[in-house]
Amino acid sequence: MKTAISNLRQNWTSVFVVRMSHALALKFFQLAKEEGMMGQGFVWITAYGLTDIFDVVGSLALDVMQGVLGVKPHVQDTVKLQNFTQRWHSKYRLENPGTSLSEPTVSGLYAYDTIWALASAAENATYVNLDFGPSVTKNGSTDFDRIDTSKAAEKLRGALLKTKFSGMSGIFRIEDTQLVSSNYKIINIIGQDRREVGFWTPNFGISGSLNMKSDINTIIWPGDNKTLPRGWLLPRNKNLTIGVPANPGFGQFVKYEGGPEDKGFCIKVFDEVVANLPYQVPYTYRGFNDGKGNSNGTYDELIYKLYLKEYDAVVGDVTILANRSLYVDFTLPYTESGVRMLVPVLDRRQKTAWTFLKPLTTDLWLGTGAFVVFTGFVVWCIENHEDFKGTPANQIGSVFYFSFSTLVFAHREKIKNNLSRIVVVVWLFVVLIVQQSYTASLSSILTVEQLKPTVTNLDEVIRKGSHVGYLNDSFLPGLLKSLKIDESKMIALNSVEEYNDALSTGKVAVIVDEIPYLKLFLSKYCHNYTMTGPIYRFDGFGYAFPLGSPLTADITRGILKLASSGKMAELQKDLYGDKSCPDKDDSQTSSSLTLHSFQGLFSISGACSILALILHALITNKGVFSRWLAAICSKLFHKSNILQIMMRPVANAGNTGSPPEGQGSRV
């Protein structure tokens with residue numbers, strides 16, 4: 001028995017249900033106490049047949065079963081039961097002097113009621129022939145095999161199954177050949193007391209009351225502990241063996257040798273999580289390598305070795321995959337998830353002799369030139385002094401010189417007319433806005449690199465037949481095959497340096513890998529490469545434990561606490577560095593300025609110029625304008641007189657009296 005109890009101590013579980021005889025149970029708990037299994041963290045529950053041990057054995061059982069929970073049928077305390085208990089005390093003490101049994105056990109009450117039920121069934125069955133008939137088989141090896149069941153026994157059995165009455169233990173009733181007890185009592189051993197902490201009933205389940213749902217009393221667990229045990233403990237003298245994959249090309253993730261500063265990111269996170277657990281977990285790392293630093297197999301093979309219990313856990317850059325979760329349990333991922341493409345970038349804006357034309361689109365160049373000439377023409381029409389006079393050739397030259405010199409605010413011609421001054425001021429404002437915008441755009445073109453990926457999706461790679469790189473010993477070949485990548489076009493790579501060489505020499509057009517690896521690569525080679533394309537969703541890196549391991553949930557909660565405390569961000573900063581490497585895509589480039597962007601300004605300038613030209617024409621030719629206005633007014637006045645004469649007959653026709661005789665109408 002001692003060996004069996006020691007074997008229990010080697011398991012993860014710490015919750016035990018005990019069902020055995022009273023004598024054997026007493027010995028069992030004595031050995032469990034010697035093995036240290038009656039202390040904190042353990043849970044012991046006795047079935048109702050064993051719970052009577054405290055009534056039978058007494059203080060010996062109470063001494064070794066502190067904190068044990070017991071379950072026994074609940075027997076209602078009635079006057080009938082009290083009278084029976086008094087009679088039982090008198091008779092039992094007389095027949096068994098010096099016994100420690102203080103009251104009849106539940107099993108004893110059941111036995112008492114069973115005798116009454118059997119007697120009642122025999123009475124109800126009445127007398128029948130007690131002879132046994134011959135057996136149907138007739139080939140038994142003993143005399144008992146050659147006889148059949150008594151007819152009286154069959155009738156007695158039927159009557160017993162139908163028996164129902166109120167006995168000492170409550171309502172006596174048999175269902176499916178089992179004695180029915182509907183309510184159970186939960187007791188807790190504390191000191192020398194059997195404290196009642198609650199009940200179980202069909203209506204309310206576990207409750208503090210028989211008649212309503214309520215909280216049970218506080219349970220004192222083994223070790224005088226009021227805190228609810230976890231339900232599992234580390235096996236005695238157990239030192240967890242943690243398998244670590246070998247990935248020399250990305251040692252920043254899985255290096256475990258050396259001091260704390262030299263450890264890989266995955267190892268640092270695990271150490272931090274375990275250090276913050278409320279209990280001690282002793283463990284040692286064991287590399288999954290060939291002794292020379294190289295991997296001893298694939299990550300799937302390492303996971304399968306965990307399934308075979310060669311390791312107690314696997315810590316490293318292990319991606320959570322559906323097929324792997326069939327063999328092990330994973331914690332919550334502790335890294336960014338997903339797979340993307342890594343590609344070189346090129347400057348989309350080539351610097352040429354005509355780069356100065358790129359800030360403005362063609363329509364804006366033509367529109368600006370047209371407004372330059374138009375503004376100069378308006379000023380030439382309004383101004384009438386020696387700066388704008390001379391031969392036609394001189395006048396045309398003056399117009400163009402004045403117009404284009406306003407672009408750099410270098411015009412020297414005198415502006416004497418207020419209308420032309422308004423035109424020039426509005427135009428100079430337009431020139432200022434266009435000039436500043438042009439300068440800013442040209443500066444951006446000449447000084448800021450406008451980088452774009454050489455490849456934006458895998459369809460382009462497939463169409464061109466280019467090679468694709470991936471991380472060796474990873475799950476990525478299966479993903480690439482599902483994306484219709486020819487296996488002959490896949491090239492396995494092992495390190496950051498190999499990634500750079502393959503992309504820079506054109507050995508591969510793209511590299512497909514998980515985001516954490518690509519971010520680590522870009523922290524070193526950010527300038528010439530970028531992540532692009534869609535994100536293929538995977539669950540990221542997680543820690544692996546055997547199926548059903550109780551450590552999985554606690555490590556997962558530890559990862560969440562580490563992330564919320566900010567410590568995870570510090571570890572990621574140590575891994576990737578301070579500088580971020582943003583994606584380089586077309587959304588970061590700026591387009592040329594268009595005519596539409598300045599449509600409002602040109603409209604204002606054009607309206608001012610046209611209005612000034614019209615006002616100048618009216619003011620300059622005011623004599624002609626006056627005669628023209630007078631002629632219009634005269635014509636309007638003449639038409640008004642004719643209308644008055646034509647309206648008189650109509651007015652006279654409306655009078656009731658006749659005109660005097662001899663007088664007629666005159667027009």
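FYI, the numbering just counts along the sequence from 1. What's counted below: heavy atoms across the whole structure, side chains too, no hydrogens, waters or symmetry copies.
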For the residue pair Phe270 and Tyr334, is the inter-centroid distance of their aromatic rings smaller than 6.0 Å? no
When rounded to the nearest 0.5 angstrom, what distance separates CD1 in Ile303 from OG1 in Thr319? 10.0 Å
At their closest point, which heavy atom of Asp539 faces which heavy atom of Ile320, and how far apart are they? CB-CB, 3.7 Å
Let me confirm one number: the CG-CD1 distance from Asp329 to Ile555, rounded to the nearest 0.5 Å. 13.0 Å
Would you say the side-chain atoms of Asp113 pair up with the backbone N or O of Ser169, donor to acceptor, closer than 3.5 Å? yes
Answer whether the closest heavy-atom distance between the side chains of Leu471 and Asn247 falls below 4.5 Å. yes
Taking atom CG as the centre, does Asp224 end up with more than 12 heavy-atom neighbours from other residues, nucleotides or ligands that are less than 6.0 angstrom away? no
Residues, nucleotides or ligands: over 12 heavy atoms within 6.0 Å of Leu24 CG: yes
Do Ile187 and Leu69 make a side-chain contact, defined as non-hydrogen atoms from C-beta onward lying under 4.5 Å apart? no
NZ on Lys268 to CG on Asp574, rounded to 0.5 Å: 5.0 Å
Just by distance, do the side chain of Thr51 and the backbone of Ala47 share a donor-acceptor pair under 3.5 Å? yes
Lys573 bridged to Glu570 by N-O distance under 4.0 Å: no
Quick check against the 3.5 Å criterion: does Arg324 have a side-chain atom that pairs as donor or acceptor with the backbone of Tyr299? no
Between OG of Ser209 and CG of Asp215, what distance do you get to the nearest 0.5 Å? 11.5 Å
Look only at the side chain of Thr556 and the backbone of Leu332, and say whether a donor-acceptor pair between them is shorter than 3.5 Å. yes
Return the CD to CG distance between Gln30 and Leu60, rounded to the nearest 0.5 Å. 7.5 Å
Thinking salt bridges, do Lys33 and Asp63 make one under a 4.0 Å N-O criterion? no
With a cut-off of 6.0 Å (strictly less than), are more than 12 heavy atoms of other residues, nucleotides or ligands near CD of Gln280? no
I'd like to know if the side chain of Asn124 reaches the main chain of Ser120, judged simply by a donor and an acceptor atom lying under 3.5 Å from each other, with no hydrogens or angles considered. yes
Contact summary for Leu210 and Thr201, nearest pair of heavy atoms: CD2-CG2, 3.7 Å
Over 60° means perpendicular and under 30° means parallel, so classify the ring planes of Trp44 and Phe42, tilted if in between. parallel
Within a radius of less than 6.0 Å around CZ of Phe16, do more than 12 heavy atoms belonging to other residues, nucleotides or ligands occur? yes
Of all heavy-atom pairs linking Met65 and Ile189, the shortest is O-CB, 3.4 Å
Dump the intermediate steps for side chain to side chain donor-acceptor pair (under 3.5 Å) on Asn183 and Gln76, then the final yes or no. CA-CA 10 Å; Asn183 299 327; Gln76 188 71 32; over 6 Å; no
Do the numbers put Arg230 on top of the ring of Tyr279, so that NZ or CZ is under 6.0 Å from the six-membered ring centre and no more than 45° off the axis? yes
With no hydrogens and no angle check, is any side-chain donor or acceptor of Gln40 less than 3.5 Å from a backbone partner on Pro222? no
Keeping the roles fixed (side chain from Asn188, backbone from Ile220), state whether a donor-acceptor pair exists under 3.5 Å. yes
Show your working on side chain to side chain contact (heavy atoms under 4.5 Å, CB included) between Arg173 and Thr163 and close with a plain yes or no. CA-CA 7 Å; Arg173 179 166 52 93; Thr163 300; over 6 Å; no
Heavy-atom pair of closest approach, residues Phe29 and Val18: CZ-CG2, 3.9 Å
The ring-ring contact (aromatic ring centres under 6.0 Å, His included) partners of Phe538 (sequence neighbours excluded) come to Phe475
Any ring pair (Phe, Tyr, Trp, His ring centres under 6.0 Å) involving residues 190-218? Give me the pairs, sequence neighbours left out, ordered by first then second residue. His74-Phe199
Candidate pair Leu118 and Leu156, rule side chain to side chain contact (heavy atoms under 4.5 Å, CB included), full reasoning: CA-CA 8 Å; Leu118 185 60; Leu156 179 63; 4.2 Å; yes
Spatial distance of atom NZ (Lys481) from atom CG (Leu479) [nearest 0.5 Å]: 11.5 Å
Is Leu476 close to Asp513 at the side-chain level, that is, under 4.5 Å between some pair of heavy atoms? yes
Less than 4.5 Å apart, any side-chain heavy atom of Phe265 and any of Val254? no
Which heavy-atom pair separates Lys561 from Ser564 by the least distance, and what is that distance? O-OG, 3.0 Å
Can you check side chain to side chain contact (heavy atoms under 4.5 Å, CB included) on Val68 and Ile45, steps first, answer last? CA-CA 6 Å; Val68 172; Ile45 302 174; over 6 Å; no
Check whether any side-chain heavy atom of Ile267 sits under 4.5 Å from a side-chain heavy atom of Val315, and report yes or no. yes
Exercise: do Tyr283 and Asp271 side chains pair donor with acceptor under 3.5 Å: yes
Closest heavy-atom pair, Ser14 versus Gly231, reported as atoms and distance to 0.1 Å, is OG-C, 3.1 Å
Answer yes or no: does atom NZ of Lys164 have more than 12 heavy-atom neighbours from other residues, nucleotides or ligands under 6.0 Å? no
Between Val269 and Leu571, is there a side-chain heavy-atom distance shorter than 4.5 Å? yes
If you apply the rule side chain to side chain contact (heavy atoms under 4.5 Å, CB included), what do you find for Arg157 with Leu161, and how did you get there? CA-CA 6 Å; Arg157 178 179 179 274; Leu161 294 177; 3.8 Å; yes
Using the ring pair (Phe, Tyr, Trp, His ring centres under 6.0 Å) rule, pick out the option among Phe288, Tyr327, Tyr311 that qualifies with Tyr304. Tyr327
Does Val197 offer a backbone N or O that forms a donor-acceptor pair with the side chain of Lys185 under 3.5 Å? no
Could you check if a side-chain atom of Met20 sits within less than 4.5 angstrom of a side-chain atom of Phe28, using non-hydrogen atoms only? yes
Do Arg195 side-chain atoms and Thr218 backbone N/O form a donor-acceptor pair below 3.5 Å? yes
Quick one: are Pro73 and Tyr110 in side-chain contact, heavy atoms under 4.5 Å? yes
Side chain Glu301, main chain Thr298, donor-acceptor under 3.5 Å: yes
How about NZ on Lys213, more than 12 heavy atoms from neighbouring residues, nucleotides or ligands closer than 6.0 Å, or not? yes
Kindly say whether the aromatic ring centers of Tyr517 and Phe541 come within a distance under 6.0 Å. yes
Taking only Lys NZ, Arg NE, NH1 and NH2, and the carboxylate oxygens of Asp or Glu, determine whether Glu95 and Lys91 approach each other closer than 4.0 Å. yes
